[in-house]
Amino acid sequence: MTEPEVNLELALEHGLTEEEYNLIIERLARVPSFTELGVFSVMWSEHCSYKNSIALLKTLPRDGGKLLVGAGEENAGLVDIGDGLAVAFKIESHNHPSAVEPYQGAATGVGGILRDIFTMGARPIASLNSLRFGSLDDARTRFLFEGVVKGIGDYGNCFGVPTVAGEIYFDESYKGNPLVNAMAVGLVETNKTASATAAGEGNPVMIVGSSTGRDGIHGATFASEEISEKSEAKRPSVQVGDPFTEKLLLEATLEIIANDWIIGIQDMGAAGISCSTSEMSAKGNSGMDINLNKVPLREEGMSAYEIMLSESQERMLVCVKKGFEDKVSEVFAKWDLHCEIIGTVNNTGKININYNGEVKAVLPAYDLVLGGGAPVYKRATKEPEYIKETSAFDFSSLPKIKNIEEAFEKVFSSPNIASKKWVYEQYDSMVMTNTIVGPGCDAAVIYIKNTNKALAVKTDCNGRYVYLNPKRGARIAVAESARNIVCSGGVPLAITNCLNFGNPYKPEVYWTFQKAIEGMGDACRFFNTPVTGGNVSFYNESPDAAVYPTPTIGMVGLIDNIENITTSYFKDKGDLIYLLGADFEEMGGSEFLKVIHGKVTGNAPRMELQTEKDLHTLILEVIGKKLIKSAHDISEGGIICALAECCIINEEKPLGADVIIPIKSREDFTLFSESQSRVIVSVAPDKQNEFEKAASESFTPFSIIGKVSGNELKINNKYDFPLQKLMDLYYLSIPGKMNVKI
């Protein structure tokens with residue numbers, strides 16, 4: 001292959017700027033080779049370098065609590081949960097690949113995040129996801145959605161990890177650019193963790209797992225540009241996954257880590273060999289001598305450029321302790337996986353790439369990587385004009401709803417509120433037999449075997465809130481995640497985040513990003529839930545517009561005693577129903593406003609962090625004292641939808657309720673308000689006095705609003721909703737649109 005001449009024009013085609021191309025020449029003291037240009041282009045892409053976000057990300061709390069490994073330190077975050085155990089978890093996006101090849105895009109997103117977990121030495125125990133799509137009325141949206149769901153389900157089911165929780169939103173803003181965020185959680189003994197490090201001159205460097213092909217070349221660059229009509233031509237940039245190979249890779253990887261035969265190990269995700277060699281070298285303050293002729297290939301005639309940039313899946317780079325090469329090779333041979341020595345560690349700080357007897361690249365590892373010499377920018381900001389208009393919206397101008405029953409039926413059956421059972425039943429949520437509470441409740445709960453503990457896990461974000469008020473919306477995303485963990489009986493430990501935004505070169509987008517980071521940081525510091533890491537996904541734009549800013553929060557909490565596990569639904573007739581928290585009739589960004597009035601406007605609901613924290617303290621206290629039977633937070637759809645969910649989330653034993661909800665200024669506003677820091681709990685009559693005593697000693701307002709009874713949800717002696725009607729609205733309204741049988 002004749003390599004093209006490297007010049008500014010070629011650099012621009014690779015997604016680099018003129019400034020960056022000149023910086024490369026300065027760092028190398030010469031014009032880069034074609035292979036070097038390719039490596040720099042992927043390593044300095046937004047996807048790998050975080051060049052437009054790292055300055056702001058560093059303002060987030062990255063230590064505290066029970067954190068063992070924080071953001072940017074390793075492949076995933078690590079939090080101590082006692083008994084010599086730690087939980088590893090992380091969330092990442094696979095948005096752009098899923099937009100052009102939904103099945104493989106979503107499947108490889110799951111595969112990549114699972115590898116991040118087991119390269120830490122942790123065995124994956126749960127998978128979660130957060131998905132955003134356009135309207136289900138659109139045929140292409142349905143195609144994308146079906147492909148993504150099948151990709152997630154097939155990969156997770158074949159790999160053998162339960163998909164236990166997630167969220168799905170539908171909105172026109174995501175029509176051309178769906179968001180596919182995948183999260184994984186694993187367990188590891190604290191003294192058996194692994195690091196993504198290469199050190200020790202002369203130690204062998206091995207590539208293990210699958211062979212290398214041309215799939216995924218420039219995948220990182222593809223993820224660092226806007227979706228356009230040309231994106232369909234980028235299908236070769238979408239990787240192809242194999243969950244069965246990944247399962248073998250998992251077992252082999254955990255075995256060599258447990259035997260302490262390695263210095264470090266890293267998943268080959270974005271930018272493939274380019275990323276793993278440079279990041280491991282930079283972390284170990286070392287370099288590598290790599291011979292690409294030793295890399296197992298599955299296609300003939302591959303160039304050094306292609307091998308270095310390939311993002312073929314199910315591959316790892318391992319720095320092995322000298323003398324243990326044969327033992328490592330035996331393990332991978334046992335699992336029928338490739339294992340080849342492709343180089344050695346040096347102490348020069350440079351990565352020397354040889355192929356077919358030629359030097360193809362000599363690269364300074366530190367200059368390539370995030371946190372090293374990669375460019376760092378802070379872009380111009382400007383508050384979007386629309387915020388002045390939306391924040392000034394006069395809600396009194398909305399016509400009063402004459403038929404509350406009809407409005408409720410529309411909102412409760414809307415795609416954003418109706419049950420996603422028809423989706424999550426396509427996932428295996430019970431494999432590994434750890435799942436105590438699966439999809440459908442406030443958070444999933446995973447048992448930690450051989451202990452009396454469990455993990456509560458959740459993903460959360462309301463993009464409309466962030467669109468209307470990015471700082472407050474991001475605060476709410478963290479707070480609601482924590483509230484869901486607490487309602488399940490858990491103490492929030494830490495978060496991982498997936499920050500989905502538009503083009504950072506647009507001042508309005510960058511302003512929104514900056515404010516969201518501020519809000520997230522405020523909440524994480526207040527709740528002592530440090531950020532363990534995650535993913536920034538910019539350029540989530542179609543030719544029409546950017547998506548709603550969507551900083552998805554993945555949170556993990558610890559339930560110290562499995563007897564404290566709490567679920568969302570009512571348990572027994574005669575139980576008393578209480579409302580914790582105050583309502584301010586807040587309709588900004590609400591599901592009611594969108595479904596009934598066709599508007600996304602106003603301000604996001606207020607979020608007072610101390611008020612939220614006081615609520616958490618009370619709920620954990622009454623759970624610990626066994627004073628409540630259920631807890632369910634009030635979110636999208638307001639108190640009327642939350643009550644309906646409490647009645648029917650347990651399909652095997654639906655229970656009605658008779659409640660009185662005091663109306664404030666307007667009936668429709670009170671019933672559908674999405675004011676935060678509110679939870680519905682149920683209490684056995686013989687626990688009433690104890691519960692009210694505990695609540696009265698807290699800072700959280702509370703009131704008794706009714707009791708569990710009958711076969712219908714009765715509200716204010718005015719509205720009756722039979723349980724069967726509620727179940728039909730909640731469970732059957734969306735599958736019909738998708739022609740899905742459940």
Could you tell me which non-hydrogen atom of [X] sits nearest to which non-hydrogen atom of [Y], and how far apart they are?
X: S53; Y: E46; result: OG-OE2, 3.7 Å
X: S274; Y: V42; result: CB-CG2, 4.3 Å
X: Y155; Y: E246; result: OH-OE1, 3.0 Å

Mark yes when over 12 heavy atoms from residues, nucleotides or ligands other than [X] sit less than 6.0 Å from its [atom1]; otherwise mark no.
X: K321; atom1: NZ; result: yes
X: Y366; atom1: OH; result: no
X: K247; atom1: NZ; result: yes
X: E251; atom1: CD; result: yes

Are K360 and N354 close enough, and set up right, to give a side chain to side chain contact (heavy atoms under 4.5 Å, CB included), and what steps lead you there?
-> CA-CA 5 Å; K360 291 294 185 181; N354 286 271; over 6 Å; no
Does the pair N503 and E541 meet the rule for a side chain to side chain donor-acceptor pair (under 3.5 Å), with working shown?
-> CA-CA 7 Å; N503 187 335; E541 303 198 16; 5.0 Å; no
For S93 and N535, test the side chains for any donor-to-acceptor distance below 3.5 angstrom and give the result as yes or no.
->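 The criterion, which ignores hydrogens and geometry beyond distance, is satisfied for N535 and S93.
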Would you say the side chains of N181 and N500 form a donor-acceptor pair under 3.5 Å?
-> yes
Approximate separation, where rounding is to 0.5 Å, of [X] [atom1] and [Y] [atom2]:
X: D215; Y: E306; atom1: CG; atom2: CD; value: 11.5 Å
X: F89; Y: M120; atom1: CZ; atom2: CE; value: 11.0 Å
X: L368; Y: I351; atom1: CG; atom2: CD1; value: 5.5 Å
X: L292; Y: I353; atom1: CG; atom2: CD1; value: 5.5 Å
X: S286; Y: M280; atom1: OG; atom2: CE; value: 8.5 Å
X: H338; Y: S329; atom1: NE2; atom2: OG; value: 13.0 Å

Give the C-alpha distance, both sets of side-chain angles, the deciding distance and a yes or no for salt bridge (Lys or Arg N to Asp or Glu O under 4.0 Å) between E92 and K90.
-> CA-CA 7 Å; E92 284 195 341; K90 190 178 182 183; 3.1 Å; yes
Looking at residues at least two apart in the chain, or sitting in another chain, which of them share a ring-ring contact (aromatic ring centres under 6.0 Å, His included) with [X]?
X: F332; answer: none
X: Y427; answer: none
X: Y21; answer: none

According to the interplanar angle, ranging from 0 to 90°, do the rings of H14 and F34 count as parallel (below 30°), tilted (30 to 60°) or perpendicular (above 60°)?
->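 Aromatic pair H14/F34 classed perpendicular.
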For the residue pair F40 and W44, categorise the inter-ring angle as parallel (less than 30°), tilted (30 to 60°) or perpendicular (more than 60°).
-> perpendicular
Pair E167-S130, side chain to side chain donor-acceptor pair (under 3.5 Å): steps then yes or no | CA-CA 5 Å; E167 56 175 355; S130 176; 2.7 Å; yes
Does [X] come within less than 4.0 Å of [Y], counting only side-chain N to carboxylate O?
X: K350; Y: D367; answer: no
X: K334; Y: E330; answer: no
X: E20; Y: R27; answer: no
X: E74; Y: K283; answer: yes
X: E311; Y: R214; answer: no

How would you list, by chain and number, every residue that makes a side chain to side chain donor-acceptor pair (under 3.5 Å) with R315, sequence neighbours excluded?
->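 Scan of R315 (side chain to side chain donor-acceptor pair (under 3.5 Å), adjacent residues dropped) gives T212.
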Which residues satisfy the side chain to side chain donor-acceptor pair (under 3.5 Å) test with T532, sequence neighbours excluded?
-> none
For side chain to side chain contact (heavy atoms under 4.5 Å, CB included), just list the numbers for Y377 and E19, CA-CA rounded to whole Å, side-chain angles, deciding distance to a tenth of an Å, and then say yes or no.
-> CA-CA 12 Å; Y377 305 116; E19 176 189 3; 4.2 Å; yes
Is there a side-chain contact between [X] and [Y], using heavy atoms and a 4.5 Å cut-off?
X: L144; Y: P102; value: yes
X: V205; Y: I290; value: yes
X: I263; Y: S195; value: no

Answer yes or no: is there a donor N or O on one side and an acceptor on the other, between the side chain of [X] and the main chain of [Y], under 3.5 Å?
X: E314; Y: D242; answer: yes
X: N285; Y: S281; answer: no
X: S127; Y: P162; answer: no

Side chain to side chain contact (heavy atoms under 4.5 Å, CB included) partners of S49, counting only residues at least two apart |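 Partners of S49 under the side chain to side chain contact (heavy atoms under 4.5 Å, CB included) test: K51, A374.
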Identify which one of V148, D154, V149 satisfies the side-chain contact (heavy atoms from CB on, under 4.5 Å) criterion when paired with I152.
->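 Going through V148, D154, V149 one by one, the side-chain contact (heavy atoms from CB on, under 4.5 Å) with I152 is satisfied by V148 alone.
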Side chain to side chain donor-acceptor pair (under 3.5 Å) between N540 and Y174, worked out | CA-CA 9 Å; N540 289 291; Y174 303 106; over 6 Å; no
